[in-house]
Amino acid sequence: MTPRSPRRGRAAVRDDATAAGRPAPRAAGTVNGTVTGTAAAGAPAGDGPVLEAEHVTRTFGETVALRDVSLAVQPGELVGLLGPNGAGKTTLLSLATGLRKPDSGTVRLFGGDPRSATSRVRLGTTPQETGLPPTLTVGEVVDFIAGHYPDPMPRAELLGRFGLADLARRQTGALSGGQKRRLAVALAVVGRPRLVVLDEPTTGLDVEGRHVLWEALREYHASGATVVVTSHYLEEIEALAQRVVVIGGGTVLADDSLAAVLARVQVRRVTFQLTTPAADVVVLDRLPGVRDVSRDGDRVHLLAADADALVRTLVTGGVDFRGLEIRGASLEEAFLALTAESPAAAGAATSEEMAR
Amino acid sequence: MTTTPDQHTRPAGAAEPVAAPSARAALPPVANLRLALLHARYQFLETIRVPIAVIGNMLFPALAMFFFVVPQESVASNPVAATAAVGQLGMFAVMSTCLFTYGAGVSEDRQQPFDPFLRTLPAGAGPRMAGRVANGAAFALLGLLPLALIGWLFTDASVPGARLAVSVLVIAAVALPFLLLGMAIGYSLSSKAALPVVQVVLFPLAFAGGLFMPPEAFPGWLDSLSTALPSRAGRDLLVQALTGSEAPATSLPVLVAWGVLFAALAVWAYRRDEGRRFR
């Protein structure tokens, strides 16, 4: 394994993201060359996980936000938490950053209690909305947050990285939405944290703003930090994450490399009309790669991993269908397909798929 | 596994000063003091960027002094009565600053998304709270300045230097229960509810506590009711410090008792808030 320089261009970083598609174990030092070198350099609190949740359950009144969730993030990982709105992503992060306590189970941040301030010295987070004190200037907000850390990034360097260099004297209330968002993410790294936790970092940004932020995050990760990012955009997770944890209904549905999860989540929705309703049940069950079957009158909706193979089978199998439609499934539909299986089975299945 | 030196750039260096803190270790006191000053400074900046809030705070007691005390010859030309009037309105200024800053202000802050973000920073609740207290004290003192100036220029109110020094300490002490009451309101109510509650609490307490009208002018029943109120107890202690006229023996215990009650309420509201704010 050859450690690479932490300062690399974008192309090199992209390579990592795709290279992580290999069925690599998740322990530090083995995911790829970059992580090996930099994780050793960072060496936060021994070799243990940066962030660890064990059998964590959290409810809000009647709603179970998290149900017996276990998850460990190792130093140097770039983890994407993917899931529909209300899946429990934000709740999980609020436990990790010490905002809330789990009802049961334990959460450890650098081996300590996230609710104690000393555990959070190497943690960086960002305000979820663009909620910055409107009367303070950009420079003042940066200095204020920087003042909490032992060795913060100089203001000019930070603002330069996030394309905010000219705005230091502007009041945050006068910033555009994109600028606020970039400042918010900049605040997450001003203390040179070893773990950056970002909840929906690019919500409400245009394409360009998104790419600027992604680039900055990849760069920061390449310098050796661990990054956990939530999103309900598949595109964002694809651009950033090496390991993907899919959360839905308060549980971990899948936890694997980016490529493996993509293969599971990128299902197609195949819809057609059956002219001979009697025969369908048996036939549909035997179709290859079908994840979910639902019916709406005489219309049949299938979620399939390989739509081409499915259609070929339909044709050669002599199924009498009409009005065939194929489109990419939405994330929600893909998650639905994942929910249909147990999380453990899902994990095992993905590994097999990957091994092929 | 080997690492090349260039991998030890910024982040690696950053980790060193804070290497492996134990799970339960508290921040060192110096760090906490530094953080408290940091929070105080930026809260101060935030507040003075909206000058009308500061000016309004300074104006009301000063205007009350100018319109209700200065024109009354019998009060204005009597050094003890005039000084007591300054003390009363000073008590009102402090009480109102505390209730507004900590009641309305805290509940407003809690609704900003910036607030939970600040709670993920490596600082406990202490520095932020200390910053708030320092700011409340600073603005309360600012509110007292025009009042003192008017008393000095337009009435016969006078306070010897030593008494003045003691009075400033007494003001800080009598402010404490109201600060806690403000926090109890701020941490338990939404900002829409906190503002009217603060007003409903402030004015009756001020009036019945003898802050607008001296208690000597009260009917007997109101006077005895009044002595059980924190505003009256605070007023009496402050007037005693300023003029030397004896406060009732009950003043201090009454004030302390209310202080303990408000502290318990504030702590309860703060704890309860932690878990439910994010629902």
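In what follows, chains carry the letters A, B, and so on, assigned in the order in which the sequence lines appear, proteins first and then strands, with residues in each chain numbered from 1.
Of the listed residues B:Leu38, B:Ile48, B:Leu45, the one with more heavy-atom pairs under 4.5 angstrom with chain A than any other is B:Leu38.
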- Query: A:Val141 and B:Phe114: side chain to side chain contact (heavy atoms under 4.5 Å, CB included), yes or no, with the steps?
  - Reply: CA-CA 11 Å; A:Val141 173; B:Phe114 202 59; 4.3 Å; yes

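A donor-acceptor pair is defined here as one N or O able to donate and one able to accept, closer than 3.5 Å; such a pair exists between the side chain of B:Arg34 and the backbone of A:Gly147.
Rounding to the nearest 0.5 Å places CD of B:Glu46 at 4.5 Å from OG1 of A:Thr135.
Every residue was checked against the side-chain hydrogen bond (donor to acceptor under 3.5 Å, both in side chains) condition with A:Gln171, not counting sequence neighbours, and none meets it.
Only the side chain of B:Leu118 comes within contact range of chain A, with at least one heavy atom under 4.5 Å from a heavy atom of that chain. For chain B, the nearby parts of A:Leu136 are the backbone and the side chain; heavy atoms of each come within less than 4.5 Å. Proximity to chain B is absent for every atom of A:Thr59, based on heavy atoms less than 4.5 angstrom apart.
A heavy-atom distance below 4.5 Å is found between the side chains of B:Phe117 and A:Leu187. Side-chain contact between B:His39 and A:His148 is present, with heavy atoms from C-beta onward closer than 4.5 Å.
Between the side chains of A:Thr125 and B:Thr120, at least one donor N or O sits under 3.5 Å from an acceptor N or O.
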